[in-house]
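Notes follow once the structure below has been shown.
The structure presented is a predicted model; accordingly, all values stated were derived computationally and were not measured. Lettering of chains follows the sequences in order, A, B, ..., and the numbering in each one begins at 1.
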Number of protein chains: 2
Amino acid sequence: MNKRDRQQKILSLIRAKPIATQETLRELLENAGVAATQSSVSRDLEELGVVKHHGHYTLPRTNGAGARGLVSLDLAGDNLVVARTHPGLASAVAVEIDAATFPEIVGTIAGEDTIFIAVRDQKAERAVIKSIWGLFS
Amino acid sequence: MNKRDRQQKILSLIRAKPIATQETLRELLENAGVAATQSSVSRDLEELGVVKHHGHYTLPRTNGAGARGLVSLDLAGDNLVVARTHPGLASAVAVEIDAATFPEIVGTIAGEDTIFIAVRDQKAERAVIKSIWGLFS
DNA sequence: ATTGATTATGCAAGTTGCGTGCATATGGAT
DNA sequence: ATCCATATGCACGCAACTTGCATAATCAAT
């Protein structure tokens, strides 16, 4: 019914088990008593920053180690991707990202536990998140 | 006409000379071509954090001294808030901002006397500026 | 390249929320 | 108590958000 609740439900669903398509996600929501269309699911996933990787939807964030310092990836507007790392590892992570030379990345700057990644446009943002997440997982 | 413009005008008016009442402020706005009622002026002053002191309205914090290093906050586009600090204090201020964990803040990077604060959208910018000022007042 | 499956999006309708003025309540000073 | 200044509940209008539908764009597999 409510957008926020639906998005929360989506998060718990994709955390519970791998989900391959928006249509199956929509069905699961329906079973949980939350009616929605594929359109809305698509927009929700976009807003939540969920990304499809290895054939299923996941959140680009970790709760522990295993990703060589990278903790999360987020968006700020249309031209900036913000990566969070474990303390002190931002530079190391940034070096690795730079080394991969993604064409959509215009430039990066690293602080202590944060990296700003400038990209050309909104389309590039999603591609970059997907690529970087793949690089570190 | 527009709320944001009107509030900017109010700020420049109370900076220009001491103003004693909301009614005179309203008249000055009218002369400047900005129609408004006393009700709106009252709400604007509230939102702007303007306070009446010694019989006239003033901004509580025009100088940055005593704000633990923070000097100014400005906007760059829709997704970036730029904070200036006293030399060398950017990291310390940034740590304090991070520790407050505002949900609108996507990430921060500190230099020597400047901090870039990435936020999600234009709405978040206003909220963040207000929050940070509150944090350092 | 073609086809089928999956995801994104322009548009229109419904709904919500914000900004505002009016009227009036509250507060403050003498 | 009265007068002046300021705050606020209410209602209305407009702008922004949310959504579904239909369809376009993208992707995967052959």
Could you give me the CA-CA distance, side-chain angles and deciding distance for B:Lys3 and B:Asp44, then say whether salt bridge (Lys or Arg N to Asp or Glu O under 4.0 Å) is met?
-> CA-CA 8 Å; B:Lys3 179 184 169 186; B:Asp44 284 342; 5.7 Å; no
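- B:Ser40 comes within 4.0 angstrom of sugar-phosphate atoms only, judged by non-hydrogen atoms across all strands, and of no base.
- Regarding B:Arg120, its CZ atom lies at a distance of 18 Å from the C1' atom of D:dC17, rounded to whole Å.
- Heavy atoms of B:Arg6 sit under 4.0 angstrom from primed sugar atoms or phosphate atoms, though from no base atom.
- Side-chain contact between A:Leu70 and A:Ile132 is present, with at least one heavy-atom pair separated by less than 4.5 Å.
- Residue A:Tyr57 has a polar side-chain atom (N or O) positioned under 4.0 Å from OP1 or OP2 of C:dT7.
- As judged by a 4.0 angstrom heavy-atom cut-off over every strand, B:Thr21 is placed among residues touching the sugar-phosphate backbone only.
- Rounded to whole Å, the distance from CG on A:Asp5 to P on D:dT19 is 11 Å.
- Note on A:Arg26 versus A:Glu30: salt bridge recorded, some NZ/NE/NH1/NH2 to OD/OE distance being below 4.0 Å.
- Atoms NZ (B:Lys52) and P (D:dC4) sit 14 Å apart, rounded to a whole Å.
- With D:dA22, C:dT20, C:dT7 as the candidates, the nucleotide lying closest to the side chain of A:Ser39 is D:dA22.
- Residue B:Arg26 is out of contact with every strand shown, counting any heavy-atom pair closer than 4.0 Å.
- For a distance-only test at 3.5 Å, the side chain of B:Arg43 qualifies as a donor-acceptor partner of the base of C:dG21.
- Atom NZ of A:Lys3 and atom P of C:dG17 are 12 Å apart (whole Å).
- Taking atom CD of residue B:Gln7 and atom C1' of nucleotide C:dG19, one finds them 11 Å apart after rounding to whole Å.
- Atom P of nucleotide D:dA7 and atom CG of B:Leu45 are separated by 7 Å, given to the nearest angstrom.
- Contacts of B:Glu46 with the nucleic acid, taken as non-hydrogen atoms under 4.0 Å apart, are absent.
- Set against D:dC21, D:dT8, C:dA8, the side chain of A:Ser42 has C:dA8 as its closest nucleotide.
- Between A:Tyr57 and A:Ala20 the shortest heavy-atom distance is CE1-O, 3.8 Å.
- Nearest to the side chain of A:Gln22, among C:dT7, C:dT20, D:dC21, sits C:dT7.
- Salt bridge status for A:Arg126 with A:Glu46: present, with a side-chain N to carboxylate O gap under 4.0 Å.
- Following rounding to the nearest Å, B:Ile19 (CD1) and D:dA5 (C1') show an atom-to-atom distance of 15 Å.
- Not one side-chain nitrogen or oxygen of A:Lys123 sits closer than 4.0 Å to the OP1 or OP2 atom of D:dA25.
- Rounded to a whole Å, the CD atom of A:Glu23 is 13 Å from the P atom of D:dC21.
- The phosphate of C:dA8 has OP1 or OP2 within less than 4.0 Å of a side-chain N or O from A:Arg126.
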